[in-house]
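Below: the structure, in C-alpha cells.
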Amino acid sequence: MNTEYKYEDAIARLEYIAGQLEKGDLTLEEALSFFEEGIKLIKICSKILDEAEGKVQVLTKDLNGDFVIKDFDGGLETGE
C-alpha cells in the first residue's frame, strides 16, 4: 500500500471501498481485501490529520495590540 497518499485521494478511495462493500456482491476474499485496505487508509488519514493538527497555528493579539502567532491548542484555555 502506498503511504504517500494525499488525504483527499485516501478519502476518495475509502468512499469507493465503502461503496463496493455496501453492494454486497463481493466474494469473501474480495471483501476482506477491501476491508484490510480500508483499515490501512483510515490509519493513513488519521496520521495525516494528526500531523496537520500539529501544524495549525492561530494569529492572536496580545495586550499591546501586537499580533502573535501561537500554536493552536484545540480551543482549550490553559490554566483552567
Side-chain angles (χ1 to χ4, degrees):
M1 156 109 10
N2 181 3
T3 58
E4 297 300 319
Y5 268 96
K6 290 184 180 179
Y7 181 79
E8 294 79 7
D9 296 337
I11 290 295
R13 180 68 181 162
L14 274 170
E15 289 173 350
Y16 173 79
I17 289 170
Q20 294 301 308
L21 290 171
E22 287 174 354
K23 285 182 183 178
D25 61 355
L26 300 172
T27 66
L28 179 59
E29 292 80 20
E30 291 170 329
L32 285 173
S33 178
F34 272 129
F35 182 79
E36 289 173 355
E37 182 181 355
I39 295 298
K40 290 176 185 177
L41 287 168
I42 289 170
K43 289 179 182 180
I44 289 169
C45 288
S46 180
K47 181 180 177 192
I48 291 169
L49 289 173
D50 288 345
E51 289 172 359
E53 183 179 13
K55 294 178 183 178
V56 173
Q57 294 182 327
V58 178
L59 184 62
T60 61
K61 280 188 179 180
D62 64 12
L63 295 175
N64 297 324
D66 297 323
F67 286 103
V68 179
I69 296 175
K70 294 183 178 182
D71 289 335
F72 180 66
D73 64 2
L76 301 174
E77 294 292 328
T78 54
E80 287 188 3

> At what distance, to the nearest 0.5 angstrom, does CG of L21 lie from CG of L32?
Replying inline: 9.5 Å
> What distance do I11 atom CD1 and R13 atom CZ have between them, rounded to the nearest 0.5 Å?
Replying inline: 13.0 Å
> When rounded to the nearest 0.5 angstrom, what distance separates SG in C45 from NZ in K6?
Replying inline: 14.0 Å
> When rounded to the nearest 0.5 angstrom, what is the spacing between CD1 in I48 and OH in Y7?
Replying inline: 8.0 Å
> How long is the span from the CG atom in L14 to the OH atom in Y5, to the nearest 0.5 Å?
Replying inline: 8.5 Å
> Nearest 0.5 Å, what's the CD-CD1 distance between E37 and I44?
Replying inline: 9.0 Å
